[in-house]
Amino acid sequence: MRRLLPHPILACFLLVLWLVLQQSAGFGHILLGSIIAIAVSAAATAVIPDQVIVKRPYKLLVLFAVAGLDVIRSNLAVMSVLFHPRPKPTAGFIEMELTLTNSFALAILACILTATPGSAWLEYDRERSTVLIHVFDVVDEDAWVATVKRRYETLLLEIFE
Amino acid sequence: MSVAILEWSLLAAQVMLGLGMLATAYRMIAGPRAQDRILALDALYVVALLLLITLGIRNNSQVYFELAMLMGLLGFVGTVALAKFLMRGEVIE
Amino acid sequence: MIADLPLWLSILVSAFVVLGALLTMAGCFGLVRLKSFYLRIHGPTMGTSMGGGLILLASAIYFTVTRERLVVHELIIFLFVSLTTPVTLMLLARATLFRDRVEGQIDVPRRPEKLAPKD
Amino acid sequence: MTGMNHIAILPILIPMAAAVFNLILGDQRSNRRIVGVNIAFGVLLVLVSGLLLTVLAQADTAAAAVYPLGNWPVPFGIVLVADRLAAMMVLTTSILALAALVYASARWHSRGTNFFPLFHALVMGLNGAFLTGDLFNLFVFFELLLAASYGLALHGGGRNRVRAAMHYIVINLVASFLFLIGVALIYSTTGTLNMADIARAVPHIAGDDLGLFEAGVAVLGVAFLIKAGSWPLHFWLPNTYSSAAPPVAALFAVMTKVGFYAILRLWTLVFANQTGPELAFGQNVLFVLGVATIAYGSVGALSSKALDRLASYLILVSAGTLLLAVAYNSPGVTTGALYYVVVATLAAGALFLLKDVIDQVLPAEAQILAVSLELYGDEEEVLDEDQEVSRTIPAAATLLSLCFAVAALVMAGLPPLSGFISKFAMLSAAFSAQASPSAATWWMTGAMIISGLFVLVAMVRNGINIFWTSMPDDGLLRLRALEIWPIIALLTLCVLLAVFAGPAMTYFSETAAFIHAPQSYVDVVLPQEVAS
Amino acid sequence: MPEDWPLPSIPTDFALPLLCILPFLASVFVLAAPGKKYRGAVWSTAIVSAVLSVLSLALFPAVADGGVIISRIEWIPQLGLNLTLRMDGLAWLFAVLITCIGFLVVLYARYYMSPKDPIARFYALLLAFMVAMLGLVLSGNIIQLAIFWELTSLVSFLLIGYWYHRGDARDGARMALIVTGMGGLALFVSMMVIGHIVGSYELNDVLASGSKIVESPLYPVALILLLLGAFTKSAQFPFQFWLPNAMTAPTPVSAYLHSATMVKAGVFVLTRFWPVMHDSQLWFWIVTYTGLATLIFGAYTALFQRDLKGLLAYSTISHLGLITTLLGMSTPLAAVAAIFHIANHATFKASLFMAVGIIDHEAGTRDVRKLSGLRKFMPFTATLAIIASAAMAGVPLLNGFLSKEMFFTETAEFDPNIFVNLSLPIGATLAGMLSVAYSIKFVHGVFFGPPPTELEKVPHEPPALMRRPIEILVLICLAVGIIPGITIAPYLAAAVPSVLGAATPYYSLSVWHGFNLPLIMSIIALVGGAVIYVPYYRRLRDVDGVPLTHGLVGQRLFERLLVTATNRWARHLVAAFGTQRLQPQIFTVIFLALAAGIGAGWSRIGNLPLPSNFDPVLGLVWVLGGVCAVAAAQQAKFHRLASMILMGGAGLATCLTFAWFSAPDLALTQLLAEIATTVLILLGLRWLPKRSPVPESTPWAARFRRYRDFGLAALVGLGTAIASYAVMTRAAPDGISDFFLANAYTQGGGTNVVNVMLVDFRGFDTMGEITVLGVVALTVFGLLRRFRPGSDSADRPEQQRMLDDYAPGASENVADDFLRIPALFMNWMFPIVIVVAVYMFLRGHDLPGGGFIAGIIMSLAFILQYMAGGTRWVEERLRILPVLWIGWGLLLALLTGLGAMVLGAPFLTSAFAYAELPLIGKVPMATALMFDLGVFALVVGATVLMLIALAHQSIRRPKAAGSNKPKQRAGLDKWN
Amino acid sequence: MELTLAIAIGILSASGVYLLLRPRTFQVIIGLSLVSYAVNLFILSMGRLRMDAAPVLSGANANIADYADPVPQALVLTAIVIGFAMTALFLVVMLAARGLSGSDHVDGKGD
Ligand code: NA
Ligand code: NA
């Protein structure tokens, strides 16, 4: 089973992807999609050797909901700055220490921070476990860091570690 | 009525997206540095993708979907390559 | 040709589309108006996040109604864009960061233990 | 579909199969069996092409094998039209290809990767270009033969090759753009891509669209002229041909003929439906270009210091000769031109191969030294008794010089070989075309005769340098059988074509008659309900 | 005499081919015979030429009474070119000269040529020459005549160059070939013109055409070209110069070709066509006075020669001039004299050449200054040479006297034109005097006087057999000179009517015609010649060069022309009308294409209506696209990356336009090709040299070039814009497109019409196209295997060096974690992109997508991994064999097509069906899908091969010093 | 719309042609790309412009008047593929030439 399906999560994801692409959940599509998903996920072991273990999958939904809300908020915030006649963001670099070490979790965090307007993940230092972030409009640096840690890092720690 | 609303709002949206594209074009030309241009190209891909989605609504057609999807999925390959070239001087090491 | 929807739906779709386009355009204008690269990096994400999301959502609603079945494959585009945009931005930002450091730009934070110029 | 009908497509499929064979079995260069299979493919191609020609030669005058690919009705699907013209070009290509292939399998195939697949792809492209009856499919096969020729031109590497190939590629890419623009304009005004269908549609083009159509034809013509090697679009040719690996250059001898073929085919099909100033103008332009190309090629031949360069300029001379013949637009002249295209191709191919054999035999720099001796002279030679005893020429050198002489005679168009016969056929037809020879006839005569003289001078100079001043006479000359036999075979064919010029001429004149009666082509290709 | 001819007559239609074929076979035999024995070659040649002599002599009865033998072999009847052998009196006379003198020359050469010489080649060439010459004189078809004419030039080239290791032999051979070859081509055209006038190339028809030729408006052309041929061959002024240079040939060759046969070809042709071409003023003036000039010039120049062969060569030129003059005078009697002199000259000149050969052979030199008093050493040879010289000088009782008297008689005829009336006799007498003088110089200088002192060996008589040919010839000179009536008369009587026909005049061959003006002229010539020679003989012997006419040496002109014109001028011309530089080439191509398009289309472009509709969004898209295109062009020189990015903008606009105008497949393909191209160019960009910053000022010439190019580019843009606008605003013609829309689903089994066209309707195009892609990939691969980077980019890229300069080792560290998180994303993309590729592939037949699109998507999946992990990292994990992908892709496409053929349908005939599978339902089973799978495989293979072969270049170079990674060659080899 | 596209084709081809005439290989390769965009659009325009008429049939009973001319699209597809291949080829040849001659001038000399 391990050999046949080295990446079950990936395989499931690919099957869902296939069905959404086909816009159909007919038996034929599920069958063909399963074959493709299993074959492709097996082939993917070449470049994705480590299996991803999600300990609390339902928390992922929470994470996405939180991220979604933040995205909306920051979109509006950034737009208000941009539509200001003379946009003067108080931008700055923030270096933040992370307790998170799982690279998959880090990637998700990077993704969320970068995808959210107003913050951008610049570089991660593995030795010091710090990440350099550029923030569009910093009001209070410590508060910002605290928010990120509270809203995302703890969730990610729960999910992956 | 609802058709008119949709038509006009789609036209407005498309014009806005078009203007957004021009903005990215400005940055692509003005630079000043390569990263600015690459950033603009990446943004351009996203805007083009959205323009296609609006075109799909306008034409009531789904044939543009895959094009938009591939722009979203693979548009970044070019910009990643550019970014990597910028950083490393070569795309594949 | 564009399809005839119930009025409230067409208003909803129109609003999503226009708002999404507006956000996206705002992000692009950010590319023009903002003064430094690190600031400009935030502009395009408006298009990839909420701007794009709204337009895709509009599309999903529109086609769900016109095709009379659930159309959610716009989700895939949103997923792909969300996964890929950070990659480009991170690489670009990193590259810029290093260049600025090497060129001695003072307002860029440096990492002493790794990139300190050695005599 | 009977088995015989499939012959029309085999000249394309056989080289393709050969290329695939090589790709899948890998680039196993040392493997003699691979070489053997490749040669077998070449032989098979010659046999099939010969069969195609034989079948067509025995059929009645208007015969052409029409092969609807995918079994789609004719103006819609792509169709192959193997008429006499196509068949003779295919056979010429196949023979030349076999010779070059055999020659290359002695040494040259191992000078780089994937020689055989590229070689077969070029042959596939050439045969496809000759056989197709579809304008866009012609573009595709042009691209195929060009793509393969790029690879082959680069075969062996080195600075000169790469530089020449780069120029060659850029020019031909531009030519491809022109081709596309031309095809697009023609499609936009006729609504079709099938050549016969275009010919049928031309009289029905709306008045306003005629300008667009003609612009398309003209742009397409420029693209063909580039490939045909017409002055002043020929610049790429001498460098490319002279720097290419010899067996490659030998096969390239047929490439300019593709341009000639395309011009002849479309000229007769499309322009024949036109009358008036456009036809005359096009004819004049083509004629002037032909004369200029001959002149340039002849002068270039005179200026050449090395045999490969000389051969490249001879290609130009023959290109110009063929353009003249097309411009003359008369079945008799075309008959001669068809004969000419075959012998000039075979002889030029042989010359490129011969050059390589000579290079192996001659001491290094011998040719250059000889030329400077000629220029700066050693006039005050002391004559002593010993000098009145000639040297013994080794058999190998005799053989080489004989080959050279035959090639030289054919290329210069001197009696009694096929080059002369072809020129005679063209001129004789031109003279008998009118009661009093036109200015064009005189120009053609002058161009052909004077170029013949120039080529003679150039060939004599090179021949003397090679065989009389540089050739070592120590009997150490070794010729590889794989290398000398292809040359002998090609030249023997030239001689045989002279000896059996009568029957050959019958074939060519029937071919020319068919080409110059475009309605018969249209009738054969198009089903009647479409044609009417 | 003819009535009781001693030899049995032979079947004549067999004889003529035999005359030509026999020496040909002998020639091949001699050349190819195993061992090439000296004696074998000599004797087989001698026997063959003897047989030929007898054969030709034996044919006399057939032509004696105006008979004509014709045998014809059909060659190219369509063109009126057949091998017609035709013998009449004139041809017989020449055939006899060729075969008999040939036989004598062969015998002579047996002793002349060194035993060390490779004699087989010599005799083979002599025989070949005999074929050519016989073919020429026996030609019954005028094109055939031109053919054999050129053959004589070609073979004589080889004979003159027999001692090819000698520079003068090579030069002489080349000059002879070029001059006579040129004349031959002129003659060929003349024959074409005559054939056109007459309506036939058969000599019979030509000779029967009466005054048709002379009356034709083409007559001057035909005549001048004919004369060009005849004059070059017969070394007439001003083309005489090649003949003395041809004297570098072995003496037997000179005796044969340059006295008796080949040089006579010119006057032969003049004689041959005399009946149908002589009757004009043009003929008279050109031929007569060219002949006269040659006559005098040759004789004058001969007088100053030091080399005996040179003297004889100029004498030959002079005598050929005499014959030409006779032919030019256009009277029947002059023609008779010409024919007579042809025969006479052949005998005495051949014998003289042989004598000179003996002298050369025995004394070791032909220099008249070194020779003296040989009469005592070789009395027989001396006697023979003296008699022959006397014949040459026109001394009574020798054959030369008879024909010369006839010549004098003709020149002395009254002509109403005072110039003609004076110039001909005076010129003739003058030339006679000169010829006497050079004959005396020859005899006196060589055989009389004190014994020679400067010779390297003591001369003595040659072997008796070597003298035998001379003896025979001298005997003929005497016999003809003394008793012409019973020796030459019957043959002349056969030859003359074959030229003059009914116009044959009465002529007398008797030695004594009474004391008349011609005799006085002869006496003046004899005495005058002596008077010229005696007082000046020392000076004449030692003179170096020819006084007065020194500047008239055509040879120098010729050589300068040959060397300068064919080398320097030719190179200048080639450079002036061609170029090695690419930019002017492209400019020419584009300019001509533009000119052709405008020239053909402009006047009939028709109306261009005003725009009727406007889409603001598309307008905005093209503001973007246009701006990007222009900016890309502007940035391409100094900011490559910027230019590429801008090009991407223009490409995206193109892609959107495809989508806009209902071409989703195009938009997809454009997008993917664009991305792949970007990656490709970026991979290559690393190997281009660093571009120095924008220079402050541009040279004027460069600026001009830019403006000019800009102008052309703008015109091209305008032209394409107008053409496309014109098309778009007009109605489409009824074309083939409806068929595809109507039948794609019902016949092709797919709803995506474009894809059905690609894999089915026009699948053959696609097959060609994928082969192109495969071929290009193989080319790229082959080229990159030998890739050698420029010296300045062999090192690591600047970006990496910069980092290391900033902090040593930083580059490696940074590379390490630069990509850490992005790479994770890129790796995860791999399965996703593959699934998308499969999806795009499977839907292609019905919706936008298909093999090509899926193929590029798939290869981008691979590229992404290469970018994320590096070449080594990927290739440790994935084994991609792109060449095999290409091969299998092509094979699949080919097999799909062949499958139809197996079933008896044409190649690529498609079949589709819906298989009803349990649980799954209808599954489309189209052969087109198989074909598309081939496309997919090939595209993956080709794209990956190109991208990866390029990427491999980066790891071929040695890494930074101190790096412990092993140096590795590209590892490309393992793919094959 | 027609005018927009015509101008687009004109600008693309003019920029491309200008670059083709430049001396640097990189300029030429960008020029080739731009010209190929222009040519592809040109071919597309030969089928006349249709919006919202992608030749993807709605089924067996589709009305063929509702669809754009598929022929130019098929031609452009082939042209794009070949253009892609040729760009790749030219790129590599230009790199090889640059490596061998040390210059990125199209004639391999000068700077
Ligand atoms: Na962000
Ligand atoms: Na993106």
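Note on naming: letters A, B, ... go to the chains in the order of the sequence lines (proteins, then strands), and numbering restarts at 1 for each one.
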Among the options [options], pick out the one with the most heavy-atom pairs lying under 4.5 Å from chain E.
options: F:Ile29, F:Ile80, F:Val28; result: F:Ile80
options: F:Ala38, F:Ala14, F:Gly31; result: F:Ala14
options: F:Gln73, F:Met46, F:Met94; result: F:Gln73
options: F:Ile7, F:Leu12, F:Val56, F:Leu21; result: F:Leu21
options: F:Ala53, F:Gly102, F:Gly47, F:Ser33; result: F:Ala53
options: F:Asn40, F:Ile30, F:Ile11, F:Thr25; result: F:Ile30

Would you mind checking which part of [X] comes under 4.5 Å of any heavy atom in chain F, side chain (CB onward), backbone (N, CA, C, O), both or neither?
X: E:Leu950; value: side chain
X: E:Leu685; value: side chain
X: E:Phe852; value: side chain
X: E:Ile590; value: side chain
X: E:Leu758; value: side chain
X: E:Pro689; value: both
X: E:Ala676; value: both
X: E:Phe787; value: side chain
X: E:Arg708; value: neither
X: E:Glu674; value: side chain
X: E:Met946; value: side chain

Among [options], single out the residue with the greatest number of heavy-atom pairs under 4.5 Å to chain F.
options: E:Leu847, E:Asn752, E:Leu783; answer: E:Leu783
options: E:Arg705, E:Met728, E:Arg762, E:Arg788; answer: E:Met728
options: E:Leu712, E:Thr779, E:Asp738; answer: E:Asp738
options: E:Val775, E:Val727, E:Leu773, E:Val772; answer: E:Val727
options: E:Leu618, E:Leu947, E:Leu688; answer: E:Leu688
options: E:Ala714, E:Ala731, E:Gly625; answer: E:Ala731

Taking all heavy atoms of [X] and all of [Y], pick out the closest pair and write down the distance.
X: F:Ala65; Y: F:Arg50; answer: O-NH2, 2.8 Å
X: F:Ala68; Y: F:Pro55; answer: O-CB, 3.8 Å
X: E:Leu671; Y: E:Cys655; answer: CB-SG, 4.0 Å
X: E:Leu646; Y: E:Cys628; answer: O-CB, 3.3 Å

For [X], is it the side chain, the backbone, both or neither that has a heavy atom under 4.5 Å from a heavy atom of chain E?
X: F:Leu20; value: both
X: F:Tyr18; value: both
X: F:Ser45; value: both
X: F:Leu77; value: both
X: F:Leu100; value: both
X: F:Leu34; value: side chain
X: F:Val93; value: both

Just how far is it from atom [atom1] of [X] to atom [atom2] of [Y], taken to the nearest 0.5 Å?
X: E:Phe740; Y: E:Met757; atom1: CZ; atom2: CE; value: 4.0 Å
X: F:Phe26; Y: E:Ser643; atom1: CZ; atom2: OG; value: 5.0 Å
X: F:Arg48; Y: E:Phe661; atom1: CZ; atom2: CZ; value: 14.0 Å
X: F:Asp52; Y: F:Tyr67; atom1: CG; atom2: OH; value: 10.5 Å
X: E:Arg640; Y: E:Met644; atom1: CZ; atom2: CE; value: 11.5 Å
X: E:Ile736; Y: E:Phe761; atom1: CD1; atom2: CZ; value: 10.5 Å

| remark: Residues passing the salt bridge (charged side-chain N to carboxylate O under 4.0 Å, His left out) test with F:Asp69, sequence neighbours excluded, are none

Keeping [X] on the side-chain end and [Y] on the backbone end, is there a donor-acceptor pair under 3.5 Å?
X: F:Tyr37; Y: E:Leu652; result: no
X: F:Arg98; Y: E:Trp687; result: yes
X: E:Asn743; Y: E:Gly748; result: no

| field | side-chain hydrogen bond (donor to acceptor under 3.5 Å, both in side chains) contacts touching residues 610-633 of chain E (sequence neighbours left out) | value | B:Arg58-E:Asp615, E:Asp615-E:Trp660, E:Trp622-E:Thr657

| message | Pairing donors with acceptors under 3.5 angstrom, does anything connect the side chains of E:Glu769 and F:Thr78? | response |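 Their side chains do contain a donor-acceptor pair, which is all the 3.5 Å distance test asks for.
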
| request: Would you please say whether a donor-acceptor pair under 3.5 Å links the side chains of E:Thr677 and F:Thr87? | output: no

